[in-house]
Structures are given as structure tokens and as C-alpha cells.
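Here is the structure we will look at.
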There are 2 protein chains.
Amino acid sequence: MLRKEERNSIIEICPVRNVIARFGNKWALLVVLVLSEHEKVRFSELCRLIPDISSRVLSGTLKTLEADGLVSRTTYPVVPPKVEYQLTEMGRTLVPLIVQLTEWAQTNMKKIVAHRKEFEAEDEG
Amino acid sequence: MLRKEERNSIIEICPVRNVIARFGNKWALLVVLVLSEHEKVRFSELCRLIPDISSRVLSGTLKTLEADGLVSRTTYPVVPPKVEYQLTEMGRTLVPLIVQLTEWAQTNMKKIVAHRKEFEAEDEG
DNA sequence: CGGCATCCAGCCGGATACTG
DNA sequence: CAGTATCCGGCTGGATGCCG
């Protein structure tokens with residue numbers, strides 16, 4: 001779950017790598033984004049909001065985010081169980097960056113895709 | 001190299017996922033960052049500037065970035081071969097975002113690491 | 001010098017099934 | 001409901017070696 005330290009090297013000196021590693025997580029950013037839009041979200045809600053994620057992976061993603069202190073988890077002692085997730089303060093500070101990222105992506109995606117096609121084409125010929 | 005389309009789902013509708021996928025690439029962001037600091041860089045220079053990357057992986061990373069149109073590659077017809085990489089205009093627009101990301105990381109890393117330790121500790125107990 | 005080919009290990013995440 | 005357990009395929013990236 002928590003990746004194990006990533007052996008030595010620049011990595012230890014460079015905090016970025018650690019963060020980026022999180023973002024490498026296929027669903028982490030999306031989960032943060034979704035949480036940023038909903039205040040408090042139950043596990044099953046997240047499952048519905050992100051249809052393609054399996055419960056196992058969602059669970060793992062949330063646990064990582066929680067471990068990092070980006071997400072907090074609240075359990076209610078009721079039956080059936082109820083658990084709510086929400087962004088922490090720190091988690092919320094990350095949101096604007098992710099949004100910018102998505103905006104950049106939306107702005108440039110067409111060009112990128114086009115360029116990629118071109119590139120592959122040349123590669124073939 | 002170019003990951004193959006990622007099967008259907010939100011993914012296709014959501015450009016973000018594509019971009020994030022790139023950033024998931026272990027070295028992509030760092031390469032962009034390094035390129036942003038050096039204008040034109042030769043392959044071997046990059047190898048030195050990022051000691052932990054293997055030539056094979058660096059090559060792949062650069063090719064992906066090139067395919068996306070974030071990096072341009074110039075070959076000089078000389079012996080021994082000389083190849084220079086540099087950011088494209090679009091690539092440069094990405095740099096500020098990466099920088100912000102790194103700044104966020106630097107700002108929050110201590111807290112994150114601490115939180116992670118705590119979390120693991122509880123988990124054990 | 002600037003790669004690509006090959007090989008190979010580890011991790012990531014998907015599917016499925018099962019619990020308190 | 002909210003996960004965990006298990007199994008497993010695929011991709012990523014590291015090491016090494018060769019080639020124009």
C-alpha cells in the first residue's frame with residue numbers, strides 16, 4: 001500500500017518524487033477531486049462516483065491518502081456500518097493544483113493527441 | 001511506450017487521466033524540470049543530470065514526451081552522433097505547474113512523512 | 001554517442017469471493 | 001455497508017549487452 005521507501009538515491013532528498021509517486025497512483029487524484037466536490041462522502045458513494053474503480057483498489061487508495069494526512073476517515077458505530085471520508089485541510093490545499101492540472105490537460109489535450117498520432121504515423125512510415 | 005489507449009470508460013472522456021498517466025511515469029516530470037533549466041540538453045547530459053535513470057528508461061521517457069509534443073528532439077548529422085532535447089512551447093507551459101507541485105511537496109512533505117509514521121504506528125498497535 | 005533488444009523482477013491494479 | 005483475502009495478468013522500469 002504505502003510503497004516501501006523507494007530505495008535510496010535522489011529520491012530521499014527530493015520530496016517531489018514522493019508526491020509524484022502518489023500521483024502515479026491511478027486513482028488518487030481523481031478521488032481527491034471527487035472528495036473536494038462533496039464535503040463528506042461515504043465509501044459506497046465513492047464507488048458509485050468512480051464507477052471503474054474496484055472496492056479493493058478504492059480502499060487502498062483511500063488508505064494511502066489517509067496515511068498521508070490528505071484525507072480523514074470517520075466511522076459511525078452503527079449497523080450497517082457507515083464510514084465517511086473527507087479532505088483534510090492539507091488535502092484541500094492540494095485541490096487547486098489538481099484543478100490547474102486538469103485545466104492544463106483540457107487546454108492541451110487535443111494538441112497532444114494530434115501530435116501523438118502524427119508521431120506514431122511517422123514512426124510507422 | 002505509448003500506453004495503449006487504456007480501455008474504455010471515463011478515461012476516454014476525461015483528458016486528465018491521460019495527463020496524469022504521463023505523470024505517473026516515474027521520471028517524466030523530473031525530465032521536464034531538468035529540461036526547463038537547461039534550454040538544450042544532450043542525451044548523455046541528461047543521463048548525468050539524472051543519475052538514477054537507465055539509458056533505456058530515459059530513452060523511453062523522452063520518446064513519450066516527444067510523442068506528446070512536450071519535448072523536441074534535434075539530431076546533428078555528425079560523428080559521433082549528437083542529439084539535443086529541449087522543451088517545446090507547450091512543454092514550457094507545463095513547467096509552472098510542475099514547479100507549483102514541487103513547492104507544494106516541499107511545503108507539506110514533513111507533515112506528510114510524520115503523518116505517515118503515525119499512521120503506520122497505529123496500524124501496528 | 002545515442003540508443004534499441006532482451007531479459008526479468010516487482011508492483012499495481014482488476015476480478016472475484018468472503019466477512020463483521 | 002465497508003471493507004479484507006486471494007489470485008493473477010500486465011505494465012514499468014532496472015540491468016545488461018549490442019549496434020550504427
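So that the names make sense, note that chain A is the first sequence line, chain B the second, and so on, each numbered from 1.
- Taking the salt bridge (charged side-chain N to carboxylate O under 4.0 Å, His left out) definition, one finds that A:K117 meets it with nothing, sequence neighbours left out.
- A straight line from CD of A:E45 to P of D:dG3 spans 13 Å, rounded to a whole angstrom.
- Remark: B:T107 pairs with no residue by the side-chain contact (heavy atoms from CB on, under 4.5 Å) rule, at least two apart or across chains.
- Between B:I53 atom CD1 and C:dG2 atom P the separation is 14 Å, expressed in whole Å.
- Evaluation of the side-chain contact (heavy atoms from CB on, under 4.5 Å) rule for B:S44 yields B:R42 as partners, not counting sequence neighbours.
- A:E66 has its CD atom 13 Å from the C1' atom of D:dA2, to the nearest Å.
- Put simply, CG on A:L30 is 15 Å from C1' on C:dG13, counting in whole angstrom units.
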Pairs: protein N or O with nucleotides 3-6 of chain C N or O, under 3.5 Å:
unit_1 : atom_1 : unit_2 : atom_2 : d
C:dG3  : OP1    : B:R73  : NE     : 3.4
C:dG3  : OP1    : B:R73  : NH2    : 2.8
C:dG3  : OP2    : B:Y85  : OH     : 2.5
C:dG3  : N7     : B:S55  : OG     : 3.4
C:dC4  : OP1    : B:K63  : NZ     : 2.6
C:dC4  : OP2    : B:S59  : OG     : 2.6
C:dC4  : N4     : B:S55  : OG     : 3.4
C:dT6  : O4     : B:R56  : NE     : 3.0

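- Of the side-chain N and O atoms in B:N25, one or more sit less than 4.0 angstrom from OP1 or OP2 of D:dG13.
- Using a 4.5 Å heavy-atom cutoff, the side chains of B:L70 and B:M90 are in contact.
- Counting heavy atoms from C-beta on, the side chains of A:V34 and A:E45 never come closer than 4.5 Å.
- The two residues B:V95 and B:S36 make their nearest non-hydrogen contact at CG2-CB, 3.6 Å.
- A search for side-chain contact (heavy atoms from CB on, under 4.5 Å) contacts involving A:R92 returns A:L87, A:E89, not counting sequence neighbours.
- When hydrophobic side chains of Ile, Leu, Val, Met, Phe, Trp and Tyr are connected at separations under 4.5 Å, B:Y76 ends up clustered with B:V78.
- Remark: B:T93 pairs with A:W104 by the side-chain hydrogen bond (donor to acceptor under 3.5 Å, both in side chains) rule, at least two apart or across chains.
- Relative to the side chain of B:W27, the nucleotides D:dG14, D:dC1, C:dG14 differ in distance, and D:dG14 lies closest.
- Taking atom NZ on A:K26 and atom C1' on C:dA15, their separation rounds to 13 Å, with Å as the unit.
- Among the duplex regions that DNA chain C forms, those built from at least three successive Watson-Crick or G-U pairs under 3.5 Å are C:1-20 with D:1-20, ordered by first number.
- Residue A:K82 contributes atom NZ, which lies 13 Å from atom C1' of D:dA2 at whole-angstrom precision.
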I'd like a list of close polar pairs between nucleotides 18-20 of chain D and the protein, N/O only, cut-off under 3.5 Å.
none

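- A 4.5 Å side-chain heavy-atom check between A:F43 and A:L46 finds every atom pair outside the cut-off.
- The CD-P distance, from A:E84 to D:dG3, rounds to 12 Å in whole Å.
- In this structure B:E103 satisfies the side-chain contact (heavy atoms from CB on, under 4.5 Å) test together with B:V99, sequence neighbours excluded.
- Per the geometry, CG belonging to A:L46 stands 9 Å off P belonging to D:dA2, to the nearest Å.
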